[in-house]
Amino acid sequence: MTHLAFTPRHATVFLRTKMAPPAKNHCYLATDHLRFLLALIVAALCSAVSATDSSLCAIPSPAPEHIAGGNDTLPLINSFRLSAGYFFGGEDIHFARDDSDDDGSLSHVRRSFTLLPLRVGRTTDSTVIHVSATLTLTGGRSLDAAAAASHHRRRNRFPAGGSHSVSFHLDGYYSSTSAELCMVGAGTYAEDDGWRLSHLPEAVLRLRVPSPPSLTDPFVTGQINGAGFDAISLIAYAEGDGYKYGSGHHASCPPPPSTGVRGAGGFSCAHLKEKLVSSYKRHHGGGGGAHMPLRLREPRMHVGQVQCTENGDGAIAAVRMYATFSDSTNMWLAGQLRPGFMVKEAAVVAEGRWDAVTGALCLRACRVVRSGPASLAVQEQDCGIGLSFWFPAVWTVRHRSVVAGALWNTSQHGAAGSDAAAAAAGAISASSIDFDSIVRSRGNLSDVEYRYTMVEEAKKRYFSDVLKSHKNKAKGPFPAATKTHTYHDFQLSFYMENVNGGSDHGEAYPVTIGSAMVHGDRLGADNSFSRHGEVDMELQEDELLRVSYDIHIRHLPPNVNFMRPNITSLATTIEERLVTAEGVYDPKTGVLCMIGCQELNVSTTDCQVLITVLFASLDAKAQGHGKGVISSLRPKTDPLFFDKISFSLFGMYAEQASESVSRMDMESVLLVLSATLPCVFTALQILHAKRRPEASASTSITMLVILALGHVAPLVIGSEALFVSRGTHYAPFQRMVPREVRQAMLRAPTLIALVLQLRLLQLAWSARRPAAGRSKAAETAAAAERRSLWVVCLPLYLLGGALTVAVHASNSRRAAMEDSIAVRVGPEPATLWEDLVSSAGLALDGFLLPQVAMNAFSSGGGGAARGAISPWFYAGGTVVRAMPHVYDAIRSRGYVQSVTPSNVYATARDDRFGAAWDVVVPCGVGLLAVLLFLQQRLGATFSFGSRRRSGAYEMASTQLED
């Protein structure tokens, strides 16, 4: 068979030729001879180019025709799908250099790529398959490029560094003879400014896809290059169901521990994948290095990919996986969602079977040898590793993982049947690090039995030491294991000062409360807690409730602001550790006393840790959820001894959260009402102005402009902050304001009020326009307007803005002098713009000031001024501006503010609130309304020129009497 070599420049011509049948008539090719001659010329030119260009694809010529899809369409698509791969290069298209193995910083974005087949079909050539797919590269954005771009724009949509992706849309063929997939197309990616798109034409993708993949040939390798960027190397673990299992499918493993396993009846493939893909900590036994599987000494194992096949009845037939090993023991990294494929770490590939009888997964593993940056190989002599996984049915304070496993060396034993003896002699055990209670559900664990082993020690400590110090502090009801409370009341969020600088914060999640397993599926936990909680309380003679916890503590370095992240804070590494604890809880005193275990290193675990927590009462009005202490039970001379660490709890009980949601619903109604009432009052003022045309000229234009701007601001800037979702998360360092449809409920009346306000402004402006027939009252009002603006209003507004800037600068300097701001769990500091917006709310509160000042400077008597403003307009507007402050004063007495603000109505984004402002503002706006009422009632008596106007009034009266 002859082949046609073509460059990307000819890709379009070729694809059109092979995708559509030849036209019967062409005006420029009248005969078949001309067609044949043109084909020879094109082939000769393309062959000449192929001799000098190494990026050409060898494609069958003529192109094979497509045939109708059969029953194997889905398996074909899966055979080319790659959900997790790794790539090298790409720095010239703004990917950050990946020459560091330290991926603990917040700014580090791990590299990965995906290949998503869009269309896969067979052709008339049985060895050739047509493929259309999208290749997406994802990684960190170059800091240099992002920093350079930030100098050319006012606001950077992307943070410095951050994530970066490039997508290629490709089309080509796969040849099973050469096991090569060759595709051509083009790519695009967003520039660093976030607005422009860069195009990468003439891209060529070459991948070697093993057919079929196996234990010793499991990787897809290749590269992509094109115009404008250098070649990018790609490597991934082959997916799909076409895998060829070898002897590992019949591997032999020791039985699981006698304590029992879960899932002996079997799992589905999807369920097994979800549970196995996790991070594991390895526990080295007493065998030392003699039983170390092929020099794999790293303390952490990460299972990144699991593929399995099922029998016809849905049972698991075979399983294979890819796992890596790392030296990092930072629990923060274990809790992050790692890519499914990593190449810079020691790795193994494994295959085996699921034993439904014993409830264990038995695998034969091979060590992956990395001979180059993008070159991974598996040799048969490196396949002396046994690997087994099971799901423990019994948990304790030391062993409470969803998945457990073991690794052992099989290369020193001749027969496969001796694997059990090898594992028993000195296997390395492994247990999953389950952070999914934070990120996602681990499934229903109600069938897991928890065995308390340190409760008696915790009771002894509680009655001998803890109870004496807290006995007189117990006031009010505390959470209890009753139907009126949920296990969420026992979840703890805390922060603490670190003596070495920086701060620590974290969460404590209950694993068991009494005999109820509350770790895992949330619905199952609620059901288990409601069924077993009260029974456990009745069975305990001392009325103490047994509990166990997982405590996650994260260390934040000093001088890092995670609320206003920058390049410095994003490059910070977060350290995290896990403490497992169990003990007793006294619902009468609200004291939780536990004994904890924390892993210090790979071989040392300290289980002499005392954790004491004092819950806040359910009716407490002070902000906070309680406080606690972590201390060591060891003597001070012990090298593992540490000083006491105090911490503070924050959060809300379930009952308080329910009340908060109800309050937010009520505030939502008030917010919409406060946006709707101005529409009514403005419409009434328009009707009033039409009934009395002379009143428009005496209306302050400055007042109407301020009111109009007050309606414009929510429609233009910060509109998402005006209607906080009732689902606001009560968590530190988060201020989530989802954009929901309910925002339209606020924007619609605001827009209507703006239109009505502009109409009212147009009426007042028309009455003031220079005209020959303009009345003397209109001229007097215009002069008084100018005087009130320059003498009263504008100086006050500028003074208020200057004071706001000065106070903000002072607060910013004070915040900058703090050693660490990571322990601040309240609202994040306001920006200068936010402070100015809040101060502008004061100008809206005093919207009557320009009208009152203009009336005071008016010298034309009280004729038009007496009826200029409708009482509905100024009295109703005063009530709308004063009500938020009255409500805030009432709310502050009966509601405890959470860590994350959840106020919907009367928020700091709209106005100044506080004990003083809640008194000053209502009194001030009420005083302005009273002054305006008296001015319109008494007329000239409340004018600055009242003496002259009174004399004129007396003269007019005398003349009338005469």
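Listed by chain and residue number, nothing satisfies the side chain to side chain donor-acceptor pair (under 3.5 Å) test with T188 (two or more places apart in sequence, or in another chain). Residues that satisfy the ring pair (Phe, Tyr, Trp, His ring centres under 6.0 Å) test with F494, not counting sequence neighbours, are F647. For E659, the side chain to side chain donor-acceptor pair (under 3.5 Å) test picks out no residue, with sequence neighbours left out. Taking the salt bridge (Lys or Arg N to Asp or Glu O under 4.0 Å) definition, one finds that D888 meets it with R891, sequence neighbours left out.
Under a 3.5 Å cut-off, the side chain of Q935 and the backbone N or O of V852 do form a donor-acceptor pair. Of the possible donor and acceptor atoms, one in the side chain of Q851 sits under 3.5 Å from a partner among the backbone N and O of S698. Listed for the Q685 side chain is no donor-acceptor partner under 3.5 Å among the backbone atoms of F873. Counting only distance, with no hydrogens or angles, the side chain of Q936 and the backbone of I869 share a donor-acceptor pair below 3.5 Å. For T682 (side chain) and C679 (main-chain N/O), no donor-acceptor pair under 3.5 Å exists by modelled atom type. Proximity of a side-chain donor or acceptor of E785 to a complementary backbone N or O of T702 within less than 3.5 Å is detected. Under the 3.5 Å distance criterion, the side-chain polar atoms of S788 are matched with a main-chain donor or acceptor of A784.
Atom OH of Y495 and atom CG of L649 lie 9.5 Å apart (nearest 0.5 Å). With rounding to the nearest 0.5 angstrom, the CG atom of L758 is 10.0 Å from the CG atom of L704. For the atom pair L756 CG and R759 CZ, the distance stands at 10.5 Å (nearest 0.5 Å). We find the OG1-NE2 distance between T699 and H688 to be 7.5 Å, quoted to the nearest 0.5 Å. Summarising the geometry, atom CG belonging to L673 is positioned 12.0 Å from atom OG belonging to S668; distances are rounded to the nearest 0.5 Å. In this structure, the separation between CG on L754 and CG on L707 is 11.0 Å, given to the nearest 0.5 Å.
Side-chain contact between S674 and L671: present, with at least one pair of heavy atoms (C-beta onward) separated by less than 4.5 Å. V712 is not listed as a side-chain neighbour of T750, based on a closest heavy-atom distance of 4.5 Å or more. At least one side-chain heavy atom of Q757 sits under 4.5 Å from a side-chain heavy atom of L760. Counting only heavy atoms from C-beta outward, the side chains of L761 and V705 approach each other to under 4.5 Å.
Considering every non-hydrogen atom in both A689 and S696, the closest pair reads CB-OG, 3.5 Å. The two atoms that bring A882 and V925 nearest to each other are CB-CG2, 3.9 Å, heavy atoms only. For P678 against H711, the heavy-atom pair with the smallest separation is CB-CE1, 4.2 Å.
Judged as a ring pair (Phe, Tyr, Trp, His ring centres under 6.0 Å), the pairs with a partner in residues 905-936 (not counting sequence neighbours) are, in order, H885-F913, Y887-Y905.
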Counting only pairs under 3.5 Å, give me each side-chain donor-acceptor contact of residues 837-850, with atom names and distances, residues two or more places apart or in other chains.
{"from": "S838", "atom 1": "OG", "to": "E834", "atom 2": "O", "distance (Å)": "3.1"}
{"from": "S838", "atom 1": "OG", "to": "A908", "atom 2": "O", "distance (Å)": "2.5"}
{"from": "S839", "atom 1": "OG", "to": "T804", "atom 2": "OG1", "distance (Å)": "2.6"}
{"from": "S839", "atom 1": "OG", "to": "D835", "atom 2": "O", "distance (Å)": "3.2"}
{"from": "S839", "atom 1": "OG", "to": "R912", "atom 2": "NH2", "distance (Å)": "3.1"}
{"from": "D845", "atom 1": "OD1", "to": "R881", "atom 2": "NE", "distance (Å)": "2.8"}
{"from": "D845", "atom 1": "OD1", "to": "R881", "atom 2": "NH2", "distance (Å)": "2.9"}

Test side chain to side chain contact (heavy atoms under 4.5 Å, CB included) on V669 and D665; report intermediate values, then the result.
CA-CA 7 Å; V669 175; D665 288 337; over 6 Å; no
Apply the test side chain to side chain contact (heavy atoms under 4.5 Å, CB included) to residues L836 and V805: give CA-CA distance (whole Å), side-chain angles for both, the deciding distance (0.1 Å), then the verdict.
CA-CA 8 Å; L836 289 175; V805 173; 4.3 Å; yes
Decide side chain to side chain contact (heavy atoms under 4.5 Å, CB included) for E191 and H94; before the verdict, give the C-alpha distance in whole Å, the side-chain angles of both, and the deciding distance to 0.1 Å.
CA-CA 8 Å; E191 287 285 356; H94 297 188; 3.3 Å; yes
Would S165 and Y189 satisfy side chain to side chain contact (heavy atoms under 4.5 Å, CB included), going step by step from the backbone distance to the final call?
CA-CA 6 Å; S165 64; Y189 67 90; over 6 Å; no
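Ring geometry for W872 versus F681: interplanar angle under 30°, hence parallel rather than tilted (30 to 60°).
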